[in-house]
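This one's a predicted model, so the numbers in the text were calculated from it and none came from an experiment. Chain letters run A, B, ... following the sequence lines, proteins first, then strands; residues in each count from 1.
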Amino acid sequence: MNDGVKLCEWVIIKQDIENDKFKQQIILADYYQKHQLNKYFNQHINSIKEEIRLNKENRNTYYYLYKLEYLVIEQELITNLRKINYSKLSTYLNIFYEIEQLKIKCVTITSLHNDLQLLPLKSILYEQYHNCYTLLKSETEEEYIKFWNELVLVAESIEKADLGLIVNIFYSFCISQLNKNNIVFYEHLLNAYIFSLENNILFEDNDLLLPSHFKNIITISLRLNKLDYAYEFEINIKTIFLKITKKMFITIT
Amino acid sequence: MKKSKFFELLSSFNKKQLQELSKLIKNNEEENLIGLFNYLSIHIPSKSNDTVFSREAVLRNLYKNKLDEKNYKIY
C-alpha cells in the first residue's frame, strides 16, 4: 500500500509539473547550466523570456523572471563573464516579494489571530548572504576576516551549491581588492581557494577545474612565495586530471 | 480501507490521473498492488456501498484465488 501512496503522490507531482510549462523550462535551463550546455542554455533562456512576455501575468510570473535572471547571472559568474545589467534581478525579485508581502498583509488583517506578523529571520543562509552584502558595501579587511571566519564555522550546514556561490562572492571581493592594490588579500584569496578545495566546491560537477581558478591559485601561491604549495597543487591537479581522462576513456570505450 | 491514505488519494483522482497511475502500477509489477488497484478503481468511481471497501471484502477479493487453492475459507 505504501508503494501505491508513493505512486499516487508521484502522479500528483508529475501532473503539476506537466501543467506548468514555465516550471518545466526553468528545470531544463537549470539542467543545461549545470551540465555546461551553454549553447542550449542561452537559446532556452531567450525563448522562455519571450514566452513569459507573451503570456498573461500570474502569481509566478515575476518569480520565474527572477529565476531566469538569476540563472543567467549564475552562468556569467561560472564562466567568469560579466555582461548583463544585474539590476533586473532585484527588480523582478522585489516585485514578486512586494506582491507576496501585500498578500501576507491582507491575510494578517483578515485573520482573527494576530500571529502572522513577520518574525525576525533566523536562517544560516540568510545570515551568510547578509554578511556578503555588508562586506561588499563596507569593503574593509576586518569585516572580511570576521565574515569569513563565520562562514567557515557554519560551512557544514550549507549545501554545496550555495556554499560555492557564497565563496565565489568572497573570491570576487578579494579580486576587486587586489585590483585596488590591497595586497593583503592575496593571502585571503589563497585561503578561500584552499577552503574550497577542502570542501569539494572548487571543482565543477564533471570534476573539472576552471582554468581561471587554476591560474589564480598558481599565481597567488607564487606571489606569496609559497613555491612548495604551487608545485604540490599542480602535481595534484595533474593526477586528478589523469584519473578523469582515464575514467572518460573507459566510459567512451 | 476508506481511512487509508491510498484510498483517499485514489478517491480524489480524476480519470486522467487514474490512467496515469494505472500505467505506473502495472510497471511496478507488485502483484498485490495491481490487484488492490484494479479492485478499488472499479468500486471507487461507481461509488459502491461501504461494505465493498471493508478490510475483509478487499482481502477476500485479493487473496480469493490463492486461498481457494489451499481450501481455506475466510469470513
Does atom [atom1] ([X]) have a neighbourhood of more than 12 heavy atoms from anything else shown, all under 6.0 Å?
X	atom1	result
Glu50(A)	CD	yes
Tyr63(A)	OH	no
Lys23(A)	NZ	yes

Query raised in the report: Of the backbone (N, CA, C, O) and the side chain (C-beta and beyond), which part of Phe13(B) lies under 4.5 Å from a heavy atom of chain A, both, or neither?
Result: side chain
**Report entry** Residue part contacting chain A, namely of Ser4(B), when any heavy atom lies under 4.5 Å
**Finding:** side chain
Query raised in the report: Relative to chain B, which segment of Lys14(A) carries a heavy atom at a distance below 4.5 Å: side chain, backbone, both, or neither?
Result: side chain
Requested in this report: Against chain A, work out which of Ile25(B), Leu10(B), Leu9(B) has the most heavy-atom pairs shorter than 4.5 Å and name it.
Outcome: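 With the most close heavy-atom pairs to chain A, the winner is Leu9(B).
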Query raised in the report: Could you give the distance from CG (Leu36(B)) to CG (Asp3(A)), rounded to the nearest 0.5 Å?
Result: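 Nearest 0.5 Å value for the CG-CG distance: 11.5 Å.
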Query raised in the report: For the residue pair Leu24(B) and Trp10(A), what are the closest heavy atoms and their distance?
Result: CD1-CD1, 3.6 Å
**Report entry** Shortest non-hydrogen contact between Gln17(B) and Val11(A), atoms and distance
**Finding:**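 Minimum heavy-atom separation between Gln17(B) and Val11(A): O-CG1, 3.9 Å.
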Requested in this report: Apply the test side chain to side chain contact (heavy atoms under 4.5 Å, CB included) to residues Leu33(B) and Leu7(A): give CA-CA distance (whole Å), side-chain angles for both, the deciding distance (0.1 Å), then the verdict.
Outcome: CA-CA 11 Å; Leu33(B) 186 61; Leu7(A) 292 174; 4.0 Å; yes
